[in-house]
Every structure is written in structure tokens, then in C-alpha cells.
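Below: the structure, in C-alpha cells.
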Amino acid sequence: MAEEGVKKSSNFIREIIKKDLEEGRVKEVVTRFPTEPNGYLHIGHAKAITIDFGLAKEFGGRCHLRFDDTNPSKEEQEYVDSIMEDIRWLGWEWGSHLYFASDYFEKLYEWAIYLIKQGKAFVCDLSADEVREYRGALTQPGKESPFRNRSVEENLNLFERMKNGEFPDGSKTLRAKINMSHPNINMRDPVMYRILRATHHRTGDKWCIYPTYDYAHGQSDAIEGITHSICTLEFEDHRPLYDWFVDNLPIEKKPHQYEFARLNLTYTVLSKRKLLALVQKGIVSGWDDPRMPTIAGFRRRGFTPEAIRNFCEAVGVAKANSTVDLAFLEECLRDELNKKAPRRMAVLKPLKVTIENYPEGESEELEISNNPEDPSYGTRKVKFSRSIYIDRDDFMVDPPPKFFRLAPQREVRLRNAYYLTCTGYKTDEKSEVIEIMGKIDPATKGGWSPDGRSPKVTIHWVNAEDCIESEIRLYDRLFLKENPDDVEEGKDFLSNLNPDSLKVLKGCKLEPSLKDAKLGEVYQFERVGYFTLDKDSKKECLVFNRAVTLKDTWAKIQKKR
RNA sequence: UGGGGAGUAGUUCAAUUGGCGGAACGCCUGGCUCUGGACCAGGAUGAUGGGGGUUCAAGUCCUCCCUCCCCAGCCA
């Protein structure tokens, strides 16, 4: 709702609803989120869900969840289940208003008979190829089917026999009798029913004829009392047909369709076909691979529902095609997690540090805030001793300008602990640094110096003795190009895959409190990013996914060179 | 060459319906800070796709043009 302080700017659909309410055209707003159960929901659906459910809630109405299951050859129960889970996770509820287009098959069949009796529908024997041929072209009118003028009786008889399974698949269709020379191709006697023998996930083998989307959608809306039927732009030129069915059937309260531009994201594909290809070709581990733009993927990656909802609100609703920068989505996540995520310390690429002036065999406990910005998150105890790990990236033997981290003879602050000065380092035969020697200033315990000096930078660390090992998966964009479909002749979007979209780090060192991490919790690993436990975790080895990095000024400086 | 849509900072959207074109993100400065994070302050960026017209006044109304997107599934 709009009361959270941030003013959200309006959009044309909200204005239409407002006006309809004010001027009494509708008493109550009823929307619906319609979806075909033939794939997992993705971030584009999240935008539609935010509009459909969000607007209904805002105006005190309701939003139905409806499965558009009119094509049994592509639909599966697995998808129905995942879709419901994802919508709930996003924070929306439909209460008792769960519907399936297949619930209306009987009514739709009756209405088809009604149209036949009105002389507005006919059974056509043309093959699929012939129908296409007769349809004409964009600039050419079509031709009328030779079966267009069958008598009502004959149509009734034939349609019933279609339903009874007397004809083979594809041999006949029921078509609306509208106008074969209509400038809008959708109006050229569109198919209402096709013969299709496939087991439906809900109605089983009861039917062998199935209504098309065009014949089912508006009527489903009408049956449910939908007032505002919101969909994407590509249905704009189906609206006259939507209205035609609603107008020519005995329907009192007519629903109305409104269209908005679907979401596009840089470095991302959002078509079910392409996402399915990524899954089927094994390019990703499944629909919930954390690199997938699916709701399930984002969830596993460590995104929160709030972040996704805020993003969907922020991108707005308009009719102009647009592509949102992926960085904007990431920023919405950071914004959310910065407030909510408890802080922890984790070293992804460990480098051992021996603190020469810390007594061997001794240790102490430091009390550390779980979220410096919100004391209500409490504190935790972390051990400190002679041997710790820091991140390899936080040390350089020969640091370039603007590198403020640890280097020989340089002093940095260890987060929540002591000031540390590097006194030396050891290398292996390849002159790779394998260990650092240093000394701490005992007077700086807690991270403050009595003399007021302050190191330029603070680095994180974990205690060597009791830290836990884990695997950390670093995710990056799945595609190299902003527009993955920008390809050379003869190639497809798969040629733009980012080979480094997943980097697996092993032997990462985490502070011990992280062994209690639970699925669904997201932590900020200080100075690194936001991470969440992955379902692949085992007791011996936890697995964490990086949801998003923190903003990194040093990385930016490096990139500029 | 048919029909349906859309053009406003780099991006995504606003503009009280004809009244001095704004916000968010991004970008650049500076400040602050025990996260090179967060936060704070400041800054740059637009002939509102183009021409013509109406008007005291046009992103908004009229007109001509340009560019982009969608449509020829028995998919949704």
C-alpha cells in the first residue's frame, strides 16, 4: 500500500481504476493473475503479479489466481505447484479465489452452442494449412471458408460429434463467424475449439476438444466477475476479439482488458521458451538455479520478496517497451538487505596471519554487533587468537596507489578487534604469498586507539582455530551482452552466455556462528556481499550463495585502469 | 504496402490534464564513518523524435512526417 512514506508515482491503470470507482462503473475492483502452467514464474511475472494483486489490494478489492490451462499438451502439475509457491512467497494471497480455465470447459461449451445457434460460429473442415492460406496476409484480405455457411443444425450436430470424439485430431475446428476481410487478422473467423487428444492435468481424458485462449479468456473473466483484466501489450490487438465474444454472449457485466508493457532486463532472457532451453540443455542446474531470473532462482540466490516487490513498484507501469538495467534490481536488493541482513565475517580466499605478539595457546572473546545500524539485532561473541585468516585480496606485497589495505609495514584495523601492522610475509617457490606475520597494538582492543590515530581501512578476518569451512558460490550475470539476443547471423542467444557466471570457491573460512544459518536467511558478509545458505549444504560442508556484492569502490578503481 | 501500439535526462518512470519540465537508479565532487558498505551534502545531463499550426502560454490541443515495437499458431 502507498502509506510507507515513499511516494509512488501513479500509472495509467491506477488512474482508470480510480475513475471507474469514482464514477460508479464498478463497485469493487476484481483483477486476476492468469498464467499458463507450462513453466516457472520469472521476474516479468512478478511485475504482472505486483500490478494485479497490488492494485486490487490498494483499492480494497480482490485478485484471483487463474491457471489458463486450455492446452493440455504443454501443461503440468509441477508448474501449478511451483507457481502457487512463488506467488505466496512474494507475499500475495488469493484466499478461496483459485480458479482454472478448465473449470469453465462446460460453460464454454454451452456458450459455443449458443453462438452456433445465433449463426455466429461454424464447424470448419479446413486443415491447419488451409486455414492459414484462407486467412490472407497482413495486407491482403482472407477468403471465406467453404464450410462457413453450414446450417445451424449441421453445425450443432458436427460440434457435438467433435466433442464425442468422432473425428481425428486436427480434422475440424469450431470457428467464430466474424469477418474474413477484417483488417485485424484476429477477427478473421478465429478458431474457438480444436480437436486434441491429450490428457489434461485436471480433466484427464474427459475432453478431446479444447477452447483456444481467445475463446476462453474473456469469458473466464466474465464468469469470475473480473472488472479489470490486465495483460501485456501483445494482446492489444486481441482486445476487439475479447470484446466480440463478451458482447455476443449472454453476459451482463462485461470485463475490460487493459495492456501494459512487459518487463525486460539487461543481461537476461525472459521468455519461457528460452528459459526452458537453458534448463533442458543443462546450462543451468534447473529452474531454481540462482542464475535464473525465475522467482525460484532469485529465492535460492538470496533475494527477498520485499526487494522484488520494491523493484516491481519502482519500474512503474507504462505502455512503452523498455529494458530495465539489471543493476537497478541489484540495488533494490542491497537497499533491502542493508536494513535487514545480520552481519557476519567470512573470508572467501583465506590467507593466514600469525600475530607474533599474541601469546601462543591463548585466546579471547570479543563482543560484536550483529548489525551496527540496528542495535536490536544484538551482539555475538567471536574468538580472537594468535592465528587468524584474512582475505588474499586485502594484502599486497607491492601495493599500487589508492590501495589502502594491508601491505608490509602498513597498519590496518581488524574489524571489531585490533589494529594490525604487517611485519613480514612468507612466499612459496612460485613467490606466492602463503602467510603473513604481523603484530597488533594491544591498546587498540575493540578497534580504537587512545592516541586517536585511525587506519585508512578496516579489514575483516576469522579466527583460525574455530572457524568453519564452506563452499561459496559466486554468481554473475548469465549473459555477456546487455541484450542476449543481439547475435551474429546464424547464432542464437546461447552464443552470448557468460562462461564465468558461476565461480565456486572452496575452503572458505566462516566465523563459527554461521553453522546455525538456515535456509532463507540472508547475511551480510562484511565488506563482501550478501549471502544465503544453499540447499546443497551438507553438515560437513555448508554451501553459501552470493546474492549480490556490496558496492566496491576499490573494484571500480581497478576497473577504470 | 493492412491493423494495433509507443516515442520526455544514460536508464526506468512522473508532470496537478494548457501554466516556469521533475524523481529514482546510474555518473561526477566533497563530507562523515571501525564495512573502500551505509549515510549526508553538492553537481552535470534534456531543443520533451522532427516540421508546421492554434494560444498570452503547448510535453500536453490540431496537422504532416520520422523511428521503434506487436500481429498472418488449431500457443498463451
Side-chain angles (χ1 to χ4, degrees), chain A residues 6-11 34-36 38 68-71 73-74 124 126-128 131-133 135-142 169-175 181-188 190-196 209-210 212-214 216-217 231-240 259 261 263 266 272-273 314-325 327-332 334-335 338-339 343 345 369 372-373 402-405 412-417 419 444 446-448 454-460 524-529 549-557:
Chain A
V6 225
K7 239 186 268 165
K8 67 180 163 195
S9 59
S10 198
N11 63 60
T35 182
E36 188 186 15
N38 66 344
D68 264 336
D69 53 354
T70 56
N71 185 358
S73 58
K74 292 164 54 177
C124 182
L126 255 27
S127 70
V131 168
R132 187 181 317 119
E133 214 180 295
R135 186 157 33 226
L138 293 176
T139 57
Q140 229 83 67
D169 285 10
S171 62
K172 283 182 169 46
T173 55
L174 183 73
R175 299 174 67 184
S181 48
H182 197 110
N184 181 340
I185 289 188
N186 294 307
M187 300 297 271
R188 318 240 259 231
V191 170
M192 295 164 55
Y193 273 91
R194 69 276 210 187
I195 304 174
L196 186 56
I209 57 170
Y210 290 94
T212 57
Y213 165 86
D214 283 312
H217 201 88
C231 63
T232 44
L233 247 32
E234 68 269 25
F235 292 102
E236 236 163 350
D237 48 16
H238 289 242
R239 188 171 1 116
E259 311 87 10
L263 176 72
T266 55
K272 282 189 189 172
R273 205 200 92 239
V315 296
V317 182
K319 296 194 75 156
N321 300 102
S322 62
T323 303
V324 178
D325 196 335
F328 185 61
L329 175 60
E330 293 180 339
E331 192 49 34
C332 289
R334 286 192 194 99
D335 188 54
N338 178 51
K339 294 175 229 157
R343 316 284 131 128
M345 290 201 286
S369 169
E373 297 189 25
K402 291 194 176 170
F403 181 88
F404 304 138
R405 281 111 97 145
V412 296
R413 175 163 30 220
L414 292 174
R415 179 80 165 147
N416 300 300
Y419 291 6
T444 59
W448 293 103
S454 181
K456 189 113 177 143
V457 80
T458 299
I459 66 172
H460 59 283
Q524 184 194 103
F525 290 177
E526 288 198 88
R527 297 209 314 133
V528 183
T549 61
L550 247 33
K551 278 190 196 158
D552 186 345
T553 313
W554 170 241
K556 212 171 178 180
I557 292 167

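Letters A, B, ... mirror the listed sequences (proteins, then strands); counts begin at 1. Just the heavy atoms: all of them, side chains too, but no hydrogens, waters or symmetry mates, feed the values below.
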All N/O contacts under 3.5 Å from nucleotides 46-49 of chain B to the protein, with atom names and distances to one decimal?
none

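Between B:U55 and B:G3, the distance separating the two P atoms is 33 Å to the nearest Å. Distance check on atom P: B:U1 versus B:G46 gives 35 Å, rounded to whole Å. Separating the P atom of B:C27 from that of B:G37 is a span of 12 Å, rounded to the nearest Å. Comparing B:A41 with B:A57, their C1' atoms are spaced 37 Å from each other, to the whole Å. Taking the C1' atom of each, B:A14 and B:C32 are spaced 33 Å apart, rounded to whole Å. Nucleotides B:U17 and B:U67 have their C1' atoms positioned 27 Å apart, rounded to a whole Å. Taking atom P on both nucleotides, B:G42 is separated from B:A23 by 12 Å, rounded to a whole Å. Only the C1' atoms considered, B:G52 is 25 Å distant from B:A15, to the nearest whole Å.
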**OP:** Give the intermediate values and the outcome of side-chain contact (heavy atoms from CB on, under 4.5 Å) for residues A:T549 and A:R334.
**Re:** CA-CA 8 Å; A:T549 61; A:R334 286 192 194 99; 3.6 Å; yes

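The main-chain N or O of A:P141 is never found under 3.5 Å from a side-chain atom of A:S181 such that the two would form a donor-acceptor pair.
Applying the side-chain hydrogen bond (donor to acceptor under 3.5 Å, both in side chains) test to A:N321 and every residue at least two apart in sequence or in another chain returns nothing. Every salt bridge (charged side-chain N to carboxylate O under 4.0 Å, His left out) that A:K319 has, sequence neighbours left out, goes to A:E236, A:E259. Under the side-chain hydrogen bond (donor to acceptor under 3.5 Å, both in side chains) criterion, A:D69 pairs with A:S102, A:H201, sequence neighbours left out. Residues passing the side-chain hydrogen bond (donor to acceptor under 3.5 Å, both in side chains) test with A:T70, sequence neighbours excluded: none.
One can find a donor-acceptor pair under 3.5 Å joining the base of B:G37 and the side-chain atoms of A:E373. Judged by atom type and distance alone, A:R334 does not reach the base of B:G37 through any side-chain donor-acceptor pair under 3.5 Å.
Regarding contacts with the backbone of B:C13, a side-chain N or O of A:S322 is found under 4.0 angstrom from either OP1 or OP2.
The one candidate from A:E526, A:R527, A:Q524 that meets the side chain to side chain contact (heavy atoms under 4.5 Å, CB included) condition with A:M345 is A:E526.
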Subject >> Base-contact (B) and sugar-phosphate-only (S) positions in nucleotides 67-75 of chain B, heavy-atom cut-off under 4.0 Å, - elsewhere >> reply: --SBBBSBB

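A:T553 comes within 4.0 angstrom of sugar-phosphate atoms only, judged by non-hydrogen atoms across all strands, and of no base. Among the heavy atoms of the strands lying under 4.0 Å from A:F404 is at least one base atom, whether or not backbone atoms are also near.
Between A:Y213 and A:F235, the ring planes lie tilted relative to each other; the angle falls in the 30° to 60° range.
Pairing of B:U54, defined by two Watson-Crick or G-U wobble distances under 3.5 Å, is not identified with any nucleotide. Of all nucleotides present, none satisfies the Watson-Crick or G-U wobble test against B:A44 with each distance under 3.5 Å.
Two residues, A:R343 and A:A320, neighbour RNA chain B, and the one matched to the more 5' nucleotide by heavy-atom proximity is A:A320.
In this structure, CD of A:Q140 is placed 13 Å from P of B:G3, rounded to the nearest angstrom. Here the C1' atom of nucleotide B:A76 and the CG atom of A:D69 are 12 Å apart, to the nearest Å.
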